[in-house]
Amino acid sequence: MPEKLRGFRDFYPEDQEIRREIFETMMEECRRFGFREVDGPSIESVDLYAHKSGEEIMGQMFNFIDKGGREVTLVPEFTPTLARMVASRKDLIKPLKWYTLAKFWRYEEPQSGRFREFYQLNADILGSDSLHADVEVLNLAGSIMKGLGLGNKVKLKMSSRTLLDDIIKYLNIEKKDSLYYLLDRWIKISDKEKDSLISEIGISKENLELIVTGKIIEELKSPNLDRLIKIMDEFNEYGTIKIEIDLKIVRGLAYYTSTVFEIWDLDEKMRAIMGGGRYDNIISQMNGDYTPAVGFGMGDAVVENLLKREGLWYEKEKKRVFISIADDKGRKYSYYVSKKLRESGIMVDLNVTERNLGKQIEYAAKMGFKYSIILGEREFTNKIISIRDLITGEQFSMNLEDAIIKLKNS
RNA sequence: GCCGGGAUGGGGUAGCGGUGUAUCCUUGGGGACUGUGGAUCCCCGGACCCGGGUUCAAAUCCCGGUCCCGGCCCCA
């Protein structure tokens with residue numbers, strides 16, 4: 001039997017149904033915030049990602065030569081596609097609030113919370129450089145967390161590239177990139193590596209401490225700091241999840257310009273659940289029109305890990321009805337009954353085997369149905385249906401109209 | 001791309017050079033049951049990841065690959 005490809009996943013019903021509910025929760029929250037759904041291609045030209053550091057990025061993309069000789073890749077992220085879509089439509093009324101939930105691919109080694117194919121929700125506001133756009137995007141992210149039942153399990157960590165640049169200037173640090181690198185990897189690297197980076201940057205331990213702990217903001221005056229604090233104040237005004245400044249949040253992407261943020265589980269045992277920030281220059285790099293933007297991406301894998309850890313990975317109870325039949329009259333009657341029930345909006349499954357009644361009811365019970373309707377000559381002749389509650393064992397007979405009311409209300 | 005640990009029916013496992021048909025549990029299918037339950041009993045199906053090598057003999061030892069779990073790099 002052929003194996004599935006490394007880093008790819010099969011989703012069986014018992015998991016897929018839960019995933020579907022989670023995705024619906026995310027997208028419904030986007031719509032409630034006034035975001036509109038968009039989608040893009042699954043394959044793009046590698047040129048679209050060329051603004052990132054050259055050849056090195058190629059090893060992390062699922063790229064190949066297509067039959068026409070084009071160098072293409074399965075899309076590794078949404079933002080460049082989004083930028084292209086916005087740049088090529090000058091008639092769009094700004095600001096845009098767009099979301100998408102799609103599959104993305106990266107050719108990397110699979111590990112906890114990371115696969116080669118994954119789903120990612122993206123939500124962005126384009127065409128506003130106001131801090132209120134940042135707030136709206138963050139409120140959406142916080143509301144999604146609440147909607148998933150994770151409101152008190154996670155926190156939002158904020159920083160700002162421009163603020164960090166102010167700090168670098170204030171403290172007279174020359175090796176900016178090395179400092180970014182050090183902060184980004186702060187939790188992961190050993191003291192020895194830290195020391196070597198510290199001496200390379202030429203920063204004093206006291207000053208570094210001010211950055212890492214965030215205490216630096218108490219003595220710094222800067223419009224970028226004011227902006228960040230205003231964002232946080234307004235975010236707290238709306239009130240969804242915890243928020244804090246963490247100057248160690250850098251994010252790897254070159255295109256972020258000011259605000260950057262991540263959502264983490266409270267004890268920071270997992271990877272970031274969501275990440276994003278403000279990217280004001282990508283679209284103008286494509287068509288010259290200044291279109292500032294802010295948004296985030298949230299993958300499915302870490303969310304799933306966290307929901308499982310918190311015991312929230314389970315299917316909400318569903319009302320489901322299975323029709324069992326006792327004889328040929330019942331079989332024929334079942335087509336009429338199932339059609340009426342389905343037309344009234346009730347989800348109905350029915351027996352598609354030659355099994356005897358006992359086996360049918362056993363099947364319905366094992367599959368987790370709440371009710372089994374039983375149809376046979378008796379029901380057909382008397383124009384009734386019998387409903388057996390598979391949890392309590394109670395059984396009633398009634399006419400179809402009353403049964404529809406009962407099934408819809410239970 | 002690199003490093004560590006794994007892989008035995010659908011799931012979980014025992015066996016770790018030779019011992020009869022590879023163990024046990026579970027799941028799946030059928031029957032006992034011609035209009036009523038996950039019980040019970042009976043029957044059936046189903047596995048040593050792939051390829052080389054060592055050996056009289058390999059599920060077992062060695063090498064390579066694949067996939068899984070985790071970590072590094074990177075993180076969109």
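Labels below follow one simple rule: chain letters A, B, ... track the order of the sequence lines, proteins then strands, and each chain is numbered from 1. The figures here come from the full heavy-atom set of this structure, side chains too, leaving out hydrogens, waters and symmetry mates.
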To the nearest Å, give me how far apart NZ (A:Lys359) and P (B:G31) are. 7 Å
Taking atom C1' in both B:A57 and B:C16, compute the distance separating them and give it to the nearest angstrom. 15 Å
Just to be sure I understand the rule, does A:Glu262 reach a base, reach only the sugar-phosphate, or reach nothing, if contact means heavy atoms closer than 4.0 Å? nothing
For B:A59 versus B:G18, give the span between their P atoms, rounded off to a whole number of Å. 10 Å
OP1 or OP2 of B:A76 less than 4.0 angstrom from a side-chain nitrogen or oxygen of A:Thr79, does that happen here? no
Quick check: any donor-acceptor pair below 3.5 Å linking the side-chain of A:Gln120 to the base of B:A76? no
Between B:C68 atom C1' and A:Asp10 atom CG, what is the distance in whole Å? 13 Å
Separation of A:Leu357 atom CG from B:G35 atom C1', in whole Å? 5 Å
Under 4.0 Å between any heavy atoms, over every strand shown, what does A:Gly330 touch: base, sugar-phosphate, or nothing? Just pick one. nothing
Report yes if a side-chain nitrogen or oxygen of A:Lys188 is closer than 4.0 Å to either non-bridging phosphate oxygen (OP1 or OP2) of B:C73; otherwise report no. yes
Indicate yes or no for a side-chain donor-acceptor contact from A:Asp327 to the backbone of A:Glu377 under 3.5 Å, with no hydrogens or angles considered. yes
Under 6.0 Å between the ring centres of A:Tyr99 and A:Phe35? no
Checking A:Thr162 side chain against A:Ser160 main chain: does a donor-acceptor pair fall under 3.5 Å? no
Distance-only, no hydrogens or angles: does the A:Asn351 side chain make a donor-acceptor pair with backbone N or O of A:Ile325 under 3.5 Å? no
Look at the side-chain N and O atoms of A:Lys366 and state whether any lies under 4.0 Å from the OP1 or OP2 oxygen of B:U27. no
Nucleotide paired to B:C67 in any strand shown, Watson-Crick or G-U, under 3.5 Å: B:G6
Nearest-Å distance once atom C1' is located in both B:G64 and B:G28: 37 Å
For B:C75, give the paired nucleotide (Watson-Crick: N1-N3 plus N6-O4 or O6-N4; G-U: N1-O2 and O6-N3; both under 3.5 Å), or none. none
Applying a 4.0 Å non-hydrogen cut-off, can you work out what A:Leu390 is touching in the nucleic acid: base, sugar-phosphate, or nothing? base
Distance below 4.0 Å between A:Arg355 side-chain N/O and B:G29 OP1 or OP2: yes
Partner of A:Leu121 by side-chain contact (heavy atoms from CB on, under 4.5 Å), out of A:Asp300, A:Ile144, A:Leu140: A:Ile144
Could you tell me how far apart A:Ile387 (CD1) and B:U36 (C1') are, to the nearest whole angstrom? 15 Å
Does A:Gln395 get its side chain close enough to the base of B:U36, under 3.5 Å, for a donor-acceptor pair? yes
Among B:U36, B:A76, B:G35, which nucleotide sits nearest the side chain of A:Arg106? B:A76
According to the Watson-Crick and G-U wobble definitions, with both distances under 3.5 Å, which nucleotide is paired to B:C41? B:G31
So does A:Arg36 get a backbone contact from the side chain of A:Arg31, meaning a donor-acceptor N/O pair under 3.5 Å? no
Touch class at under 4.0 angstrom, heavy-atom based, for A:Asp184 against every strand present: nothing
Scan A:Glu377 against the nucleic acid and name what it touches under 4.0 Å (heavy atoms): base, sugar-phosphate only, or nothing. base
Could you give the NZ-to-P distance, from A:Lys4 to B:C67, as a whole number of Å? 11 Å
B:C74 phosphate, OP1 or OP2: any side-chain N/O from A:Arg185 under 4.0 angstrom? yes
Expressed in whole Å, how much space separates the P atoms belonging to B:G15 and B:G6? 15 Å
Distance between C1' atoms of B:U40 and B:C33 (Å, rounded): 13 Å
For A:Phe369, report the nucleic acid contact type (base, sugar-phosphate, nothing); a contact means any heavy atom under 4.0 Å. nothing
Mate of B:A47 across any strand shown (Watson-Crick or G-U wobble, both atom pairs under 3.5 Å) is none
With heavy atoms under 4.0 Å as the rule, sort A:Gly7 into base, sugar-phosphate or nothing. sugar-phosphate
Between B:U21 and B:C56 - C1' atom distance, rounded Å: 24 Å
Does OP1 or OP2 of B:C75 have a side-chain N or O of A:Arg114 closer than 4.0 Å? no
Less than 4.0 angstrom between a side-chain N/O of A:Gln111 and OP1 or OP2 of B:C72, yes or no? yes
Derivation of the side-chain hydrogen bond (donor to acceptor under 3.5 Å, both in side chains) call for A:Trp313 and A:Asp15: CA-CA 9 Å; A:Trp313 188 262; A:Asp15 271 336; 3.0 Å; yes
Provide, to the nearest angstrom, the distance between the CD1 atom belonging to A:Ile187 and the C1' atom belonging to B:C75. 14 Å
Under 4.0 Å between a side-chain N or O of A:Arg251 and OP1 or OP2 of B:C75? no
Any strand, both distances under 3.5 Å, Watson-Crick or G-U wobble: B:A14 pairs with none
Could you work out the separation of B:C72 and B:G29 based on their C1' atoms and round it to a whole Å? 48 Å
Taking the nucleotide of RNA chain B with the nearest heavy atom to each, does A:Phe118 or A:Phe8 sit closer to the 5' end? A:Phe8
On a whole-Å scale, what distance lies between the P atoms belonging to B:U60 and B:A39? 38 Å
Sugar-phosphate only, base, or nothing, as touched by A:Gly297 at under 4.0 Å among non-hydrogen atoms: nothing
Just how far, in rounded Å, is P of B:U36 from CD1 of A:Ile323? 19 Å
Under 3.5 Å, side chain of A:Arg161 to main-chain N/O of A:Tyr256, donor-acceptor pair present? yes
Answer yes or no: is there a donor N or O on one side and an acceptor on the other, between the side chain of A:Thr73 and the main chain of A:Phe62, under 3.5 Å? yes
Counting the atoms with a prime plus P, OP1 and OP2 as sugar-phosphate, which does A:Arg378 contact under 4.0 Å by heavy atoms, base, sugar-phosphate, or nothing? base
Could you check how far CD of A:Glu109 sits from P of B:C67, rounded to whole Å? 9 Å
